[in-house]
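Reading through the structure tokens given below for one structure.
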Amino acid sequence: MVECQLTCDEYALLWPKPKSAQLGKTVSTVSVSRIDLVNDDSGDVQVIKMLHRIINDQIAWMKLKSNEQSPNSSEHELRITYLGGDGNSTEPKICRESQEGYTLSTAKAGSVITIEDLPKFSHRGISLDTSRNFIPAKTFKHDPIRCTLNTRSINTQDQIKDILEYANYRGVQVIPEQNQPAHVGHGWNFPGAENYTVCLNAEPWYDYCVEPPCGQLNPGEAEIYNVLEKLYTEFYDMLCSNSPRSTWEQMKSISRSGTRANWYLTTWLKLDVIRRKKLWCEFQEKSSAKLKSVYETKKDENETSLRIIVWTSRITLPEYNDNLDPDTYTIQIWTKGSNNLSDPTISSLLDKGYDVIFSNYESTYLNCGFGAWVGEGKNWCSPYMGWQELYENDIYKLVERRGFQLTDKIKSQILGGETNMWSEQVDNTLVEGNIFPRSNTFAERLWSNPSTNWYEAETRILNHRHSLVQRGIRAAALQPEWFRLNEGQCYGNTDTPNFEIAASETTTDTLEASST
């Protein structure tokens, strides 16, 4: 069956769909012990070392899967030749400007298989919150054997550096996210820092913040900006990333009176809306100035200009976003994209020249559809987002619906998108199944932006999910296994793939027998 799938379908089992592919109609068996990498003497030594390491990791997995079985004499040798490189002696580093296009040619007597590929969007990401329920560092490396219980719920700097190296070798850039000024408190309440935060552990929490424990930085405390500068320096030394992200949480106004004598009640609530936004913008300007200073002092000559990613919030609305320089800030869109055309956020950001990343939550928010984490019923963003919705989340169409022509300039502003997993109801035991394979489907949308719909991708995603499970990834099942094994028999026709089983026409016995 696998051999048929590799030779019969236009794109076989490839995921994501490449820009173009010319696939052969025969298969060959390759000995795991006879895979070799050769160089074309380009002099790019560090790239070759990286490729050797990647290939050796894959070979080790293949040997484990085959239980170290001895190769047959009929199995072929696979020789991989690296063509390219600029002679750079430094270790390759994935960054914002990395060129990801490639050509892959596989030659065999009588046939040549060629894939030419290039992503449509440069930013294709997964945002994962590791704090609300602690997710240990080794989960990112999928290492269940060594992923022991961390009773301190802390990822050390060495562990984070290890993740960065692990990700870089797999073509992934890690972007740190720092919450400010909200969603902070613990960690900032050390001796001498009593004025750095407000509303710390304020109760009842639902009167002060969206989620417990409450706390935020005090924008009126001058010393807080010096502390942030030290923190940015530590982040840079640890992460060396040129795309830090700053997050903001909308503060909840309190309608009823309170007796707590803290800054939030005595100062913040006395300010009108305009002055609150002004103070918020001043905090953004001051903290960003510190970050820019750290970056300019430490970056080497090969690093590009600083780009800061901020989530959409009230200070990114049209009346306030003049305070954010489009040359410095990239805006990550956290609003409805498909059915909320009256919201001016997206149109305003594009009009003013901002680069944007789409996380329109009606399609990308992986948490939707759980039960409420406080109270009863469903959580606020229900229903559940199926893989079909993520696959159909065409961000070019979202922009066109707002009256924009897809000029080269507008396309250059649309960097890509991210799926999002916050961890109110997800921890180390559930995170993989909630992310995969749904994020893989949005990944193909961002890689090739296919003109075909989800129906024509179904066979490939079912097999891709099967491959993930074979690799030990706890990817969620999308359908009963029968559908993967009976390709082409699932629907009546491609124009109307959805169908319903009429209760009046189907007996309970028939359903039970069919299920069995």
Side-chain angles (χ1 to χ4, degrees), residues 125-136 139 153 177 179 182-186 199 201-216 245 247-255 311-314 316 332-340 342-343 345-346 357-393 395 398 417-443 445 454 474-479:
I126 299 173
S127 175
L128 177 60
D129 162 33
T130 64
S131 61
R132 288 170 174 85
N133 278 309
F134 177 65
I135 297 179
T139 298
S153 297
E177 177 169 311
N179 287 1
H183 282 321
V184 303
H186 293 284
C199 295
N201 289 329
E203 292 291 348
W205 66 266
Y206 43 80
D207 276 349
Y208 292 85
C209 60
V210 177
E211 294 185 27
C214 295
Q216 70 172 54
R245 189 199 310 261
T247 67
W248 297 77
E249 180 69 20
Q250 174 185 338
M251 294 188 215
K252 179 180 177 183
S253 297
I254 300 178
S255 57
W311 291 94
T312 52
S313 64
R314 296 204 175 180
T316 62
Q332 186 153 355
I333 293 170
W334 183 250
T335 185
K336 285 188 176 180
S338 59
N339 56 359
N340 191 19
S342 62
D343 186 338
T345 301
I346 297 174
I357 297 168
F358 275 82
S359 288
N360 49 304
Y361 59 75
E362 85 282 2
S363 295
T364 66
Y365 195 5
L366 302 178
N367 299 68
C368 300
F370 291 109
W373 57 268
V374 174
E376 62 182 358
K378 303 295 184 183
N379 58 19
W380 70 270
C381 68
S382 294
Y384 183 85
M385 309 303 176
W387 76 268
Q388 298 92 336
E389 292 172 87
L390 277 88
Y391 193 85
E392 296 287 333
N393 190 36
I395 57 182
L398 297 181
E418 273 186 17
T419 58
N420 312 99
M421 173 59 69
W422 273 268
S423 62
E424 289 94 345
Q425 295 170 281
V426 169
D427 61 12
N428 190 48
T429 63
L430 294 173
V431 65
E432 285 185 345
N434 280 286
I435 290 178
F436 303 109
R438 286 189 294 165
S439 287
N440 300 93
T441 65
F442 193 42
R445 169 61 56 189
W454 66 264
R474 301 179 184 90
L478 299 177
Q479 290 180 331

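The chain is numbered in sequence order, starting from 1.
- Disulfide check for C214/C209 passes, with the SG atoms closer than 2.5 Å.
- For the pair N379/Q425, a side-chain contact is recorded, criterion being any heavy-atom separation below 4.5 Å from C-beta on.
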Go through the steps to decide whether M421 and I126 satisfy the test side chain to side chain contact (heavy atoms under 4.5 Å, CB included), and finish with yes or no. CA-CA 8 Å; M421 173 59 69; I126 299 173; 5.6 Å; no
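- The line from NE2 of H183 to CD of E177 is 9.5 Å long, rounded to the nearest 0.5 Å.
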Just do the side chain to side chain contact (heavy atoms under 4.5 Å, CB included) check on L398 and I346 with the steps written out, would you? CA-CA 9 Å; L398 297 181; I346 297 174; 5.8 Å; no
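- Scanning for side chain to side chain donor-acceptor pair (under 3.5 Å) contacts around D129 gives S131, R132, S423, with sequence neighbours left out.
- The nearest pair of heavy atoms linking Q332 to W311 is NE2-CH2, 3.3 Å.
- Atom OG1 in T335 sits 8.5 Å away from atom CD1 in I333 (nearest 0.5 Å).
- Taking all atoms of both residues into account, the shortest heavy-atom contact from K336 to N360 is C-CB, 4.4 Å.
- Taking all atoms of both residues into account, the shortest heavy-atom contact from A476 to G433 is CB-O, 3.2 Å.
- The closest side-chain heavy-atom distance from L390 to L366 is below 4.5 Å.
- Across every non-hydrogen atom of C368 and Y361, the tightest pair is SG-O, 4.4 Å.
- Between the side chain of S359 and the backbone N or O of E418 there is at least one donor-acceptor pair closer than 3.5 Å.
- T364 OG1 to N420 CG: the interatomic distance, rounded to the nearest 0.5 Å, is 4.5 Å.
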side-chain hydrogen bond (donor to acceptor under 3.5 Å, both in side chains) between T345 and T312, worked out: CA-CA 8 Å; T345 301; T312 52; over 6 Å; no
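- Remark: side-chain polar atoms of N428 are not paired, donor with acceptor, to backbone N or O of I135 under 3.5 angstrom.
- Screening W373, F370, W334 against W422 for a ring-ring contact (aromatic ring centres under 6.0 Å, His included) leaves a single residue, W334.
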What's the verdict on side chain to side chain contact (heavy atoms under 4.5 Å, CB included) for W380 and Y365, showing C-alpha distance, side-chain angles and the deciding distance? CA-CA 11 Å; W380 70 270; Y365 195 5; 3.3 Å; yes
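- By the side chain to side chain donor-acceptor pair (under 3.5 Å) test, T441 is found to be paired with no residue, residues two or more places apart in sequence or in another chain being considered.
- When the salt bridge (Lys or Arg N to Asp or Glu O under 4.0 Å) test is applied to R438, no partner is found at least two apart in sequence or on another chain.
- Using cut-offs of 30° and 60° for the angle between ring planes, the W387 and W454 rings count as perpendicular.
- Rounded to the nearest 0.5 Å, atoms CG (N133) and CG (L430) are 9.5 Å apart.
- Taking CZ from F436 and OG1 from T419, the interatomic distance works out to 8.0 Å, rounded to the nearest 0.5 Å.
- Smallest separation of non-hydrogen atoms from P213 and H186: CG-CD2, 3.7 Å.
- Once rounded to the nearest 0.5 Å, the distance linking SG of C381 with CG of N367 reads 6.5 Å.
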